[in-house]
Each structure stands twice: as C-alpha cells, then as structure tokens.
Amino acid sequence: MNILVTGGTGYIGSHTVIELLKLDHNIIIADNFSNSKPGVLNLIREISGKEFKFYQVDILDRENLEKVFINNSIDAVIHFAGLKAVGESVAMPVAYYHNNITSTLVLCDLMNKYDVKNMVFSSSATVYGMNNISPLTEDLPLSTTNPYGSTKMMIEQILQDVYISDNGWSTALLRYFNPIGAHESGKIGEDPNGIPNNLMPYITQVAVGKRDQLSIFGSDYDTHDGTGVRDYIHVVDLARGHVKAVEYIADKTGVEAINLGAGKGYSVLDVVNNFQKANEIKIPYVLTDRRPGDIATCYADAGKAEKLLGWKAEKTLEDMCRDSWRWQSKNPNGYE
Ligand code: NAD
Ligand code: UDP
C-alpha cells in the first residue's frame, strides 16, 4: 500500500514507519518538524534499510499538502500530526484547536478531493475522561478535561460525521493508552522538549543524571500501593497495532474506535521498581501531592483490538524499561 504518514518523524510515527517499511509498504511522510528532528529520517533509513519519501510540510498548509496528493497515489493516511502536551494546551488553547483540528479538516478535504478514504487516526485514552471505571471499553461515554483531550474528542466526532456524509470512508480511531519504550536498536525514541511531563522520560532523565529525583504525584490513591495506575504499552507494539489497523480498514467501510493498550495496569512504583531492577540503576524519588487532573486508575479493555485486528501487546514492562533506558543512555541529549 502507498501510505501517507502525517507526523511520521515524531515518536510514535517514526516507530510505525519502520514497521510499515518492514512489510514493504511505500511510505510518504509529511511533517513540519515542529516537534521532531530531521535527523530521524536517516535513522529510519538506517534501521529499516529501506527508502521512503519525505515532505517538509505543515498539514495546515493546504496548497503544499495538496502537492503531496498530486504527486503520489495514496491508498491510506495514518494521521499522527498534532500537538500533544496537556499543560501547554491549557495555556495555548487556540494554538491547539487550530493546529490539531484545522489541520485534520484540511487533510480530510484533500482526501475527499483525491478519493483517499482510508484513515487511521491517533486518538487517546484521554477521551474517556475522569468518570469511567477501568477496564475501559470503547463504548463508554466520552468527556475531556483539557483542550488537548477536547481536540481528540472533536476530531473523533468530525471523522464520524465525514463517514455519515460519505459511506465510502473507512476510519480507525485508535485510542492509545501510555506509550513508552523505544526501538530496540536504541537509535530512536522519545525526545521531549524541556522538563518531561510524562513518567518514563522523567525516570530516564533521572537515571542519566539530568534530573535529581522523581516526584511521584500522589501516594494515597485507592490502588494496590497508593500510586496512580496506568496501562503502559511499548511503542513498537503500538506501531504494530497501526500496521494491523491500516490493513484492517483497507477492505471495508465504517468507523471503529479501538483501544491500543496492554490491558494491564501498573502503578508508578511498579514502573520505578521495574526500571531499577531491569537496568540496575537506582532512581531516587519523593512522594508528593497528587497532580491536578490525574485519576487513580486507567487501563484498557484490549479485547476489541484483538478481535478486530488480531493484535495484542506482546512486550513486557521489563522490555519497556530496558528499551527506554537504552535509548536515553545512548542519547543523553536526545536527537541533539
Ligand atoms: P510527537 O510530537 O512526537 O509527533 C507528532 C509529530 O507531528 C511531530 O513530528 C510534529 O513535528 C508533527 N506535527 C505536529 N503538528 C504538525 C503540523 N501542523 N503539520 C505537520 N506536522 C506536524 O507525538 P507522538 O507522541 O508521536 O504522538 C503522535 C500522535 O499520537 C499525536 O497526535 C498525539 O496526540 C497522539 N497520542 C500520543 C500519546 C503519547 O503519549 N505519546 C498518547 C495518545 C495519543
Ligand atoms: N507521574 C509521576 N511523576 C511524574 C510524571 C508522572 O508520578 O513526574 C505519574 C502520574 O501521576 C500518573 C503516571 O505517572 O499516575 C503516568 O503519568 P503520565 O504523565 O506519564 O501519563 P498520563 O497522566 O497521561 O496517564
């Protein structure tokens, strides 16, 4: 298949492109490098041993994005491009709504024009909001607590409406849980800007000596050890879920929301302990107040993905801890 991957130089996109190239799909990446580095392109070539096309283009820029459709015969789009920092979205809601929603509208418009009606969209478990009880199933009511989450919920709605207007569309709304880990080569991984908001990059930066200690946000939750429980999924497993999803939507129509999670919950302390053991590194930490907006427990019912896509997460928490550390220790300053 000829697959356009928006945001294909980002964390999840780059791992997914490698899995797609392995299966000899033809890949066209469109990214503006707003949250990624050009160096990723050669690393993808190095790891995969394959070639692909790249366009440095902003998905908001209709004229230049249209050139990608004119010059390539595209069968499907995997749409990763978007801004993703929750805190930043609260501070800059207009930028988030504009970048994430307007770009998706531009993309859908061009897809309609060039008769490309298969899309895999990066949604998030954040659309389940704060009130649902885990394990989370795809049919639960959705709600959000910040502009980032609202962009995901609104885009899901837009893609449902696009299908209602034209039943020729085939769309997978993939709701990711907590992606961590890195490619096992240690060449590509997550490279957050500034102080990491997420748990695993924070832990690896403590391990590499860039931060003194981890703050564990809340130790009085109703969980097995009092710290928050999440569904961590290895980014390579997640990438493989996209391969299955793009193949699944190819020969049908409709819209399916599908959880991509491991279906298991681990607490913050489980992750810290596992990291320490897998890598034989001590992670100093302090227990602090809860982080506003966090819930105690969030994990997927991963049954629908297995049933529809024949996919389930295979890698263990130990694999995730080991691979995250290999990436960070080989690249203490990320891609810089
Ligand atoms: P990322 O920031 O590493 O990748 C996103 C890519 O999109 C970047 O390379 C960025 O340069 C590009 N981009 C952003 N806006 C663009 C635009 N207007 N035009 C062209 N390119 C643009 O993020 P990621 O972690 O790989 O996430 C990929 C997608 O998955 C995002 O939509 C994100 O919201 C979603 N998601 C991520 C997580 C997570 O924890 N990482 C969880 C759930 C959902
Ligand atoms: N967390 C923490 N310290 C940090 C970052 C995160 O204790 O520096 C906790 C957080 O409260 C949550 C879990 O780790 O219980 C996962 O948080 P992350 O931000 O990675 O993902 P999300 O909140 O989106 O599930």
Side-chain angles (χ1 to χ4, degrees), residues 1-31 52 59 65 68-69 72-82 84 100-101 103-112 114-127 138 151-163 166 168-177 179 233 235-261 300 302 304-313:
M1 257 189 275
N2 298 331
I3 304 172
L4 171 62
V5 183
T6 76
T9 58
Y11 172 47
I12 305 170
S14 55
H15 288 83
T16 301
V17 166
I18 287 169
E19 296 305 310
L20 291 165
L21 288 170
K22 259 194 205 165
L23 297 177
D24 289 329
H25 289 295
N26 296 315
I27 302 302
I28 304 115
I29 298 179
D31 202 301
F52 55 88
I59 310 302
L65 188 62
V68 179
F69 281 85
N72 297 279
S73 161
I74 296 167
D75 300 307
V77 177
I78 306 184
H79 181 32
F80 291 106
K84 63 164 183 177
N100 292 4
I101 294 184
S103 65
T104 304
L105 295 175
V106 170
L107 180 63
C108 288
D109 195 35
L110 289 171
M111 288 175 71
N112 269 329
Y114 291 90
D115 201 28
V116 183
K117 294 183 178 172
N118 291 356
M119 183 191 295
V120 174
F121 171 63
S122 299
S123 189
S124 165
T126 192
V127 299
E138 288 84 351
T151 68
K152 295 297 178 192
M153 200 169 79
M154 289 177 191
I155 294 169
E156 286 202 7
Q157 183 64 55
I158 289 166
L159 295 174
Q160 298 274 6
D161 290 340
V162 167
Y163 170 71
D166 176 350
W169 276 71
S170 183
T171 304
L173 311 171
L174 301 183
R175 296 180 181 157
Y176 314 156
F177 282 68
I233 173 160
V235 66
V236 172
D237 274 336
L238 190 66
R240 290 176 183 154
H242 289 74
V243 175
K244 294 289 189 185
V246 79
E247 289 168 351
Y248 172 78
I249 61 169
D251 58 0
K252 53 179 62 60
T253 58
V255 185
E256 292 287 355
I258 305 172
N259 289 337
L260 292 187
K304 187 171 177 185
E306 186 164 5
K307 190 163 151 235
L308 295 191
L309 309 181
W311 170 92
K312 66 177 179 3

ask   = Does the ring center of Phe80 lie less than 6.0 Å from the ring center of His15?
value = no

key: Any donor-acceptor N/O pair, Ser123 side chain to Leu173 backbone, under 3.5 Å   = no

From Thr16 atom OG1 to Leu21 atom CG, the distance as rounded to the nearest 0.5 Å = 10.5 Å

For Ile78, the option from Ile29, Leu174, Val120 that meets side-chain contact (heavy atoms from CB on, under 4.5 Å) = Val120

query = So, do Lys152 and Arg175 sit near enough that their side-chain heavy atoms are less than 4.5 Å apart?
reply = no

query = So, does Asp75 use its side chain to make a donor-acceptor pair with the main chain of Met1 at under 3.5 Å?
reply = no

request  = Could you tell me which non-hydrogen atom of Leu4 sits nearest to which non-hydrogen atom of Ala30, and how far apart they are?
outcome  = CD1-CB, 4.0 Å

Partner residues of Met111 under the side chain to side chain contact (heavy atoms under 4.5 Å, CB included) criterion, sequence neighbours left out = Phe69, Val77, Leu107, Val116, Met119, Trp169

request  = Taking ring pair (Phe, Tyr, Trp, His ring centres under 6.0 Å) as the test, write out the residues that go with Phe52, two or more places apart.
outcome  = none

query = Asn100: what forms a side-chain hydrogen bond (donor to acceptor under 3.5 Å, both in side chains) with it, not counting sequence neighbours?
reply = Thr151

ask   = Between the main-chain N or O of Ala257 and the side-chain N or O of Lys304, is there a donor-acceptor pair closer than 3.5 Å?
value = yes

ask   = Which heavy-atom pair separates Tyr11 from Val235 by the least distance, and what is that distance?
value = OH-CB, 3.6 Å

query = Does Trp311 reach the main-chain N or O of His242 with its side chain, forming a donor-acceptor pair under 3.5 Å?
reply = no

note = Taking every heavy atom of Gly261 against every heavy atom of Ala313, the minimum-distance pair comes out as O-CB, 4.4 Å

query = Quick one: does Val5's side chain get under 4.5 Å of Leu20's, heavy atoms only?
reply = yes

key: By ring pair (Phe, Tyr, Trp, His ring centres under 6.0 Å) - contacts of His79 (at least two apart)   = Phe121

request  = Mark yes or no for whether Asp166, through its side chain, and Gly168, through its backbone, hold a donor-acceptor pair below 3.5 Å.
outcome  = yes

ask   = OG1 of Thr6 to CG of Asp31: how many Å apart, nearest 0.5 Å?
value = 8.0 Å

note = Residue pairs meeting salt bridge (Lys or Arg N to Asp or Glu O under 4.0 Å), one or both in residues 238-253, sequence neighbours left out, come to Glu19-Arg240

remark   = Smallest heavy-atom separation, Ser103 atom then Ile59 atom, equals O-CG2, 3.5 Å

request  = Determine the minimum heavy-atom distance between Pro179 and Ile12, stating which atoms define it.
outcome  = CG-CD1, 4.0 Å

query = Would you say the side chain of Asn72 lies within less than 4.5 Å of the side chain of Asn2, judging by non-hydrogen atoms?
reply = no

remark   = To the nearest 0.5 Å, atom CZ of Phe177 lies from atom CG of Leu238 at 11.5 Å

ask   = Which atom pair, heavy atoms only, marks the closest approach of Leu260 to Ala305?
value = CD2-CB, 4.2 Å

task = Could you tell me which residues satisfy side chain to side chain contact (heavy atoms under 4.5 Å, CB included) with Leu105, sequence neighbours excluded, listed by chain and number?
result = Ile101, Ile158

key: Whether Lys117 side chain and Thr171 backbone form a donor-acceptor pair below 3.5 Å   = no

query = Given side chains that start at C-beta, do those of Tyr176 and Ile233 come closer than 4.5 Å, heavy atoms only?
reply = no

